[in-house]
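Here's the structure, in structure tokens; my notes come after.
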Amino acid sequence: MPVFVLTILKVLFLALLYLFIARAIRVIYLDLVGPRAPQRAQVQASTPAPRRKRAQPRDLVVTEADGVARTFPMAAEPLQIGRSDACQVILQDTYASQMHARVFPKDGEWYVEDLGSTNGTYLNRVKVSDPAAVGAGDEIRIGKTTLEVRR
């Protein structure tokens with residue numbers, strides 16, 4: 001084979017190898033950080049935009065990996081979620097932190113907040129970084145555990 005063809009094949013092989021390594025690093029990064037949530041446009045109007053009225057939640061249904069569901073009433077008090085005995089919602093999930101998240105009422109709405117957990121808290125498949133409003137029908141994921149907000 002001519003030297004020119006071998007050089008071209010070497011360059012193509014190295015390019016494919018670098019592309020493979022770059023893709024592998026990207027997959028590892030996205031696995032650690034999680035996908036980015038779409039940014040919502042900030043409204044610069046003088047009056048706040050009207051918010052959609054959501055159904056007021058009454059229950060938090062927790063379904064762990066074993067399939068057993070437990071229901072916790074969402075009264076006026078916050079619900080701490082985690083593996084610690086001090087939590088109101090105790091999870092048996094090894095991917096959950098001791099004090100993983102909390103669901104709390106504020107100004108007539110309920111919010112979910114991640115408490116600095118290692119694996120993160122997801123609301124409707126979007127990672128929660130700041131307190132996010134929840135309503136009936138929303139799904140919160142902590143590790144392998146699913147928490148559904150019901151009316």
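Since we're looking at a predicted model, the values are computed, not measured. All residue numbers in this chain count up from 1 along the given sequence.
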Report task. Treat each ILVMFWY residue as a node, draw an edge where side-chain heavy atoms are under 4.5 Å apart, and state whether Val68 and Ile90 are in one component. Result -> no
Query raised in the report: Ser84 side chain to Ala86 main-chain N or O, any donor-acceptor pair under 3.5 Å?
Result: yes
Query - Arg150 side-chain N/O to Asp59 backbone N/O, donor-acceptor pair under 3.5 Å - result: no
**Report entry** Euclidean distance, Lys144 NZ relative to Leu91 CG, rounded to 0.5 Å
**Finding:** 13.5 Å
**Report entry** Sequence-distant partners of Ser117, side-chain hydrogen bond (donor to acceptor under 3.5 Å, both in side chains), two or more places apart
**Finding:** His100, Asp114
Query raised in the report: What pairs with Ala22 under side-chain contact (heavy atoms from CB on, under 4.5 Å), at least two apart in sequence or on another chain?
Result: none
Report task. Quick one: do Thr145 and Asp93 satisfy side-chain hydrogen bond (donor to acceptor under 3.5 Å, both in side chains)? Show the steps, please. Result -> CA-CA 7 Å; Thr145 306; Asp93 192 337; 3.0 Å; yes
Requested in this report: Not counting sequence neighbours, which residues clear salt bridge (Lys or Arg N to Asp or Glu O under 4.0 Å) with Arg58? List them please.
Outcome: none
Query raised in the report: For Phe104, what residues pass the ring-ring contact (aromatic ring centres under 6.0 Å, His included) criterion, not counting sequence neighbours?
Result: Tyr111
Query raised in the report: Where do Trp110 and Val103 come nearest, in terms of heavy atoms and distance?
Result: CE3-CG1, 3.6 Å
Query raised in the report: Heavy atoms, side chains only, cut-off 4.5 Å: are Val112 and Arg102 in contact?
Result: no
Query raised in the report: Hey, does the side chain of Glu64 reach the backbone of Gln92 with a donor-acceptor pair shorter than 3.5 angstrom?
Result: yes
Query - Stepwise side chain to side chain contact (heavy atoms under 4.5 Å, CB included) test for Leu12 and Leu16 - result: CA-CA 6 Å; Leu12 286 174; Leu16 285 173; 5.5 Å; no
Report task. Check whether any side-chain N or O of Asn124 sits under 3.5 Å from a backbone N or O of Asp138 as a donor-acceptor pair, and report yes or no. Result -> no
Query raised in the report: Restricting to pairs with a member in residues 3-27, which pass ring-ring contact (aromatic ring centres under 6.0 Å, His included), not counting sequence neighbours?
Result: none
Query raised in the report: Are side-chain heavy atoms of Cys87 and Ile81 found at a separation under 4.5 Å?
Result: no
Report task. To the nearest 0.5 angstrom, please state how far the CD atom of Gln80 sits from the CE atom of Met99. Result -> 5.0 Å
Query raised in the report: Val5 pairs by side-chain contact (heavy atoms from CB on, under 4.5 Å) with which of Thr7, Leu9, Val3?
Result: Leu9
Query raised in the report: By salt bridge (Lys or Arg N to Asp or Glu O under 4.0 Å), which residues pair with Arg141, not counting sequence neighbours?
Result: none
**Report entry** Worked check of salt bridge (charged side-chain N to carboxylate O under 4.0 Å, His left out) between Arg125 and Glu139
**Finding:** CA-CA 8 Å; Arg125 297 186 181 197; Glu139 179 182 278; 5.1 Å; no
Query raised in the report: Is atom CG of Asp66 surrounded by more than 12 heavy atoms (other residues, nucleotides or ligands) closer than 6.0 Å?
Result: yes
Report task. Kindly give the heavy-atom pair with the smallest separation between Tyr95 and Asn119, and that separation in Å. Result -> O-ND2, 2.8 Å
Report task. Mind checking the CG-CZ spacing from Leu147 to Arg70? Nearest 0.5 Å is all I need. Result -> 9.0 Å
Report summary line: Between the CD1 atom in Ile140 and the CG atom in Leu60, the distance rounded to the nearest 0.5 Å is 6.0 Å
**Report entry** Minimum heavy-atom distance between Ala101 and Ile142, given as atom pair plus value
**Finding:** CB-CD1, 4.1 Å
